[in-house]
Amino acid sequence: MPAVMIAQVAVEQTAIYFDKGYDYLVPPSMQETALPGCRVLVPFGRGNRKRQGIVLSVRQETALESIKPIAAVLDKAPLLSNELLSLGKWLREKTYCPQFDALKAMLPAGMSLRLVASYAIAPDVAPERMETLAPEERRIVQHLADSGAHVERERLLEIMGLSPESDLPEQLVKKGFLTRSDDSVRRIGDATVKMVRLALSDEETQALLEGKLTPKQREVVTLLSQAGGASVKEVCYFAACGVSVVNTLVRKGVLEFYANETYRAPVKERPAQDAGSIRLTDEQQKAFEQLLTQYQAGGGVSLLYGVTGSGKTQVFMRLADEVLKLGRAVLVMVPEISLTPQTLSLFYRRYGGQVAVIHSGLSLGERLDEWKRIKNGQAKVIVGTRSAVFAPCEDLGLIILDEEQEHTYKSESSPRFHARDVAKFRVKWHKALLLLSSATPSLESFYQASRGRYTLNRLETRYGDANLPAVSVIDMRLEPPGTGNALSGPLVEELQENLQAGRQSILLLNRRGYNTFASCRSCGEVVTCPNCSISMTYHTANGQMMCHYCGHMQPFTTKCSHCGEDQVRYSGFGTQRVEQELIDRLPGARILRLDTDTTMTRDSHERKLGSFAKGEYDIMIGTQMVAKGLDFENVTLVGIVSADQSLFSDDYRSYERAFALFTQVVGRSGRGKHAGRAVIQTYTPDHPVIALAARQDYDAFYKSEIASRKTMLYPPFCDLCLVGFVGREEEKVQAGAREFLHELKEVAQRDYPKLPLRVLGPAPAVVCKVAGKYRYRLLLKCRDTAEFRRFLMGLLVSFGKKRGFSEVTAYADMNPEGIL
DNA sequence: AGCACGCCGACT
DNA sequence: GTCGGCGTGCTC
């Protein structure tokens with residue numbers, strides 16, 4: 001028997017329960033190119049339909065069994081190194097995702113390929129058989145016979161004037177008139193935003209508005225005649241209509257679509273301007289030296305705990321200098337790129353053309369370019385968000401995870417990884433240093449540092465000896481009842497004073513419109529989304545109620561759908577509501593509202609922050625994002641409108657999050673020459689977390705919180721694994737969760753008697769129904785060990801194979817950030 | 001998941 | 001007698 005080459009391939013569209021490395025024959029013509037890390041096209045399943053795959057490994061073997069050959073190699077050179085292939089395997093084991101999905105997460109989105117079906121006339125179709133076909137079918141066959149070529153499905157259906165979902169070509173394949181092939185590969189194009197504008201002249205538009213239009217059409221036309229162009233999404237939002245209205249107007253020739261690249265290009269010219277030496281304070285110098293020593297000794301993980309304004313970035317830069325000198329790459333991870341423009345520009349100024357940026361604000365093409373620059377070694381300093389942790393550096397020396405406690409580092413969709421864990425894998429591989437940095441470290445990280453698993457460095461001096469702001473806690477119970485005001489008297493007075501002194505203020509709200517629900521004063525019924533079981537939010541801009549989960553909109557009405565009384569009122573306060581109150585109570589103040597509603601286009605965010613910095617506004621009001629990394633000299637007052645909502649969300653981490661948030665917000669005030677003040681409004685003024693945040697006392701907070709985690713058995717003293725169940729029928733989802741639990745108990749008892757395990761649930765998820773699908777969950781208090789992973793993977797595989805629960809999908813999420 | 005094969009009911 | 005329903009098992 002002659003030896004043949006066999007490639008093990010990770011195939012796309014597999015579920016975890018039948019996911020494995022599939023063996024394929026490497027034909028002689030591909031032996032030079034079908035290397036590990038390359039994408040290939042392989043026949044899969046009974047029908048041998050083509051699927052994409054990634055070669056995991058190649059080996060020689062004597063051919064015994066019949067084995068299918070690889071159909072094509074899609075890349076000239078491997079996209080993934082050995083390191084990243086290994087990381088992919090690790091990712092699959094840790095996050096219970098299919099191998100292909102794990103690897104795909106490491107590739108830039110601009111590289112994704114889509115398989116396209118195309119059809120051609122089958123050989124030897126007897127003309128008389130054509131008679132048996134319906135006219136529609138005959139047209140298709142005739143067209144393909146005439147053209148004599150393969151035609152892509154989409155184009156064929158368009159030419160034939162059929163709907164894109166039509167089943168006719170497939171039927172004709174079954175009947176033997178056509179052949180189908182799936183090896184046509186198309187690059188997924190850049191995501192452009194679909195824009196719409198008026199197609200008529202001003203006079204024509206005017207005439208149209210005087211003529212007959214439906215009310216919604218009139219609304220849209222009026223809106224666009226004022227706004228010029230807008231994205232379809234925006235038009236629908238502000239005109240409170242569906243896309244069909246826009247489509248109709250386009251068909252009538254009143255409007256036209258156009259594409260818009262809303263993304264900003266990464267900085268094109270990149271001269272390094274600021275390559276001089278960095279002056280470190282004694283404290284910074286000490287941290288830097290310790291870190292450098294650790295790096296030279298083979299790296300590992302270190303926590304840099306530095307209070308706000310202690311100059312952590314200076315330390316990063318000095319370390320990066322040293323690592324770059326040795327020709328190794330530096331990866332700088334930030335939680336959200338738009339919140340750290342300062343950090344980004346600092347790195348640009350210092351390292352110029354060596355910098356690459358990776359984040360979702362780039363177009364697909366730009367992301368691809370940056371990825372290539374990293375892969376070929378042109379870019380050695382990579383700044384990016386979560387997905388940048390997979391940057392294809394060949395030789396990595398340093399990874400910095402800035403604001404390491406941020407939840408954005410955890411992926412909430414498959415593969416559900418934490419960038420911190422991936423970074424740990426990578427520094428181990430490269431013998432590099434991982435630097436976790438924060439002013440309010442996660443309990444987990446500080447715990448690891450305190451027991452010596454990570455080294456710890458502290459920066460405790462605020463830059464320029466700026467003082468902490470004076471914090472006053474306002475007891476909202478003492479406010480006169482019945483005013484419905486979100487802002488207390490003392491806070492409004494402070495704002496007034498600040499306004500008169502020509503200084504700026506920042507107000508923090510928890511979530512956009514979190515509390516702006518509408519309820520009936522008569523029967524208490526809350527207006528709830530018909531698709532998702534959550535209360536809807538009132539939006540002033542268009543007078544609509546909106547569901548933040550599925551996007552459903554409906555007009556606000558005072559008539560209660562439950563009791564029929566005319567008593568529905570909206571209450572609570574979202575950002576829009578507080579904005580209105582500020583307008584009423586502080587006439588003349590210039591107010592900037594910053595939240596995801598007003599931040600529809602990406603760079604408007606930065607523009608707004610820019611104009612706030614220039615002093616074009618007096619008061620900025622916003623959600624969490626106002627708390628992050630912004631440094632405005634003239635801000636001397638910050639207010640937390642409602643501390644209680646952060647403190648009392650139903651999550652074991654709510655104190656930790658609230659402490660971090662309050663600490664950051666309070667730290668925003670008084671960063672310049674002037675002393676700062678902070679106001680915290682609450683109904684529980686004696687809550688210890690409030691006092692600790694006011695003093696910025698992390699150590700005391702850590703001490704009390706870690707003690708409670710230990711007694712209550714929460715991370716870091718265990719791991720918390722969520723097993724989620726999703727499906728269209730509530731009973732089946734619930735039954736699935738029960739069945740899973742049943743088997744879990746059985747298998748644990750029989751095969752894993754020593755595994756530490758406590759099970760909570762099954763329970764419906766907090767938001768039980770999202771976009772027509774029901775969700776249940778089990779919560780496992782466990783230890784994330786290899787043995788536990790084998791146990792859970794076994795259960796997931798076995799559940800997936802169960803015929804009776806095929807409409808229910810189960811997934812696992814280790815230490816999720818939020819438990820929705 | 002997706003797809004083909006197979007074994008039962010409604011039909012020319 | 002055949003077409004097509006969806007239950008069942010497999011994917012190198």
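First the proteins, then the strands, lettered A, B, ... as listed; each starts at 1. We use all heavy atoms of the structure for the numbers below, so side chains are in, but hydrogens, waters and symmetry mates are not.
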query = Which residue pairs satisfy the ring pair (Phe, Tyr, Trp, His ring centres under 6.0 Å) criterion with at least one member in residues 73-112 of chain A, sequence neighbours excluded?
reply = A/Trp90-A/Phe425

request  = Kindly determine whether A/Lys410 and A/Glu817 satisfy salt bridge (Lys or Arg N to Asp or Glu O under 4.0 Å), including the steps that lead there.
outcome  = CA-CA 7 Å; A/Lys410 174 68 165 56; A/Glu817 267 306 322; over 6 Å; no

inquiry  = Which is more 5' along DNA chain B, the nucleotide nearest A/Gly47 or the one nearest A/Thr14? Just name the residue.
reply    = A/Thr14

task = Run the numbers on A/Lys375 and A/Glu394 for side-chain contact (heavy atoms from CB on, under 4.5 Å), then give the verdict.
result = CA-CA 7 Å; A/Lys375 183 139 177 69; A/Glu394 299 288 321; 3.7 Å; yes

Collect all protein-nucleotide pairs involving nucleotides 10-12 of chain B in which both atoms are nitrogen or oxygen and the distance is under 3.5 Å.
none

note = All stems that DNA chain B takes part in, i.e. 3 or more consecutive Watson-Crick or G-U pairs with distances under 3.5 Å, are B:1-11 with C:1-11

request  = For A/Arg728, enumerate each residue passing the side chain to side chain contact (heavy atoms under 4.5 Å, CB included) test, keeping only those at least two apart in sequence or located in another chain.
outcome  = A/Lys773

ask   = When we call it a touch if two heavy atoms are under 4.0 Å apart, what does A/Ser806 touch: a base, just sugar-phosphate, or nothing?
value = sugar-phosphate

ask   = Side chains of A/His430 and A/Glu83: do they bring a donor and an acceptor to under 3.5 Å?
value = yes

A/Tyr776 side chain to A/Glu730 side chain, donor-acceptor N/O pair below 3.5 angstrom = yes

For residues 778-789 of chain A, please give each side-chain donor-acceptor pair under 3.5 Å, one per line with the distance, not counting sequence neighbours.
| residue | atom | partner | partner atom | Å |
| --- | --- | --- | --- | --- |
| A/Lys781 | NZ | A/Met712 | O | 3.2 |
| A/Lys781 | NZ | A/Leu713 | O | 3.0 |
| A/Arg783 | NH2 | A/Phe717 | O | 3.0 |
| A/Asp784 | OD1 | A/Arg789 | NH1 | 2.9 |
| A/Asp784 | OD2 | A/Lys94 | NZ | 3.4 |
| A/Thr785 | OG1 | A/Phe788 | N | 3.1 |
| A/Arg789 | NH1 | A/Asp784 | O | 3.1 |

message = Parallel, tilted or perpendicular, judged at 30° and 60°: which one describes the rings of A/Phe390 and A/Phe417?
response = perpendicular

What N/O pairs connect the protein and nucleotides 6-12 of chain C at under 3.5 Å? Give each pair on its own line.
| residue | atom | partner | partner atom | Å |
| --- | --- | --- | --- | --- |
| C/dG9 | N7 | A/Arg803 | NH2 | 2.3 |
| C/dT11 | O3' | A/Gly45 | N | 3.3 |
| C/dC12 | OP1 | A/Tyr24 | OH | 3.0 |
| C/dC12 | OP2 | A/Gly45 | N | 3.2 |
| C/dC12 | OP2 | A/Lys68 | NZ | 2.1 |
| C/dC12 | O3' | A/Asp23 | O | 2.4 |
| C/dC12 | O3' | A/Lys68 | N | 3.3 |
| C/dC12 | O2 | A/Asp23 | N | 3.1 |
| C/dC12 | N4 | A/Lys20 | NZ | 2.1 |

query = Which pair of heavy atoms, one from A/Pro335 and one from A/Thr408, lies closest together, and at what distance?
reply = O-OG1, 3.1 Å

key: Shortest non-hydrogen separation from A/Ile16 to A/Cys97 and the atoms involved   = CG2-C, 3.5 Å

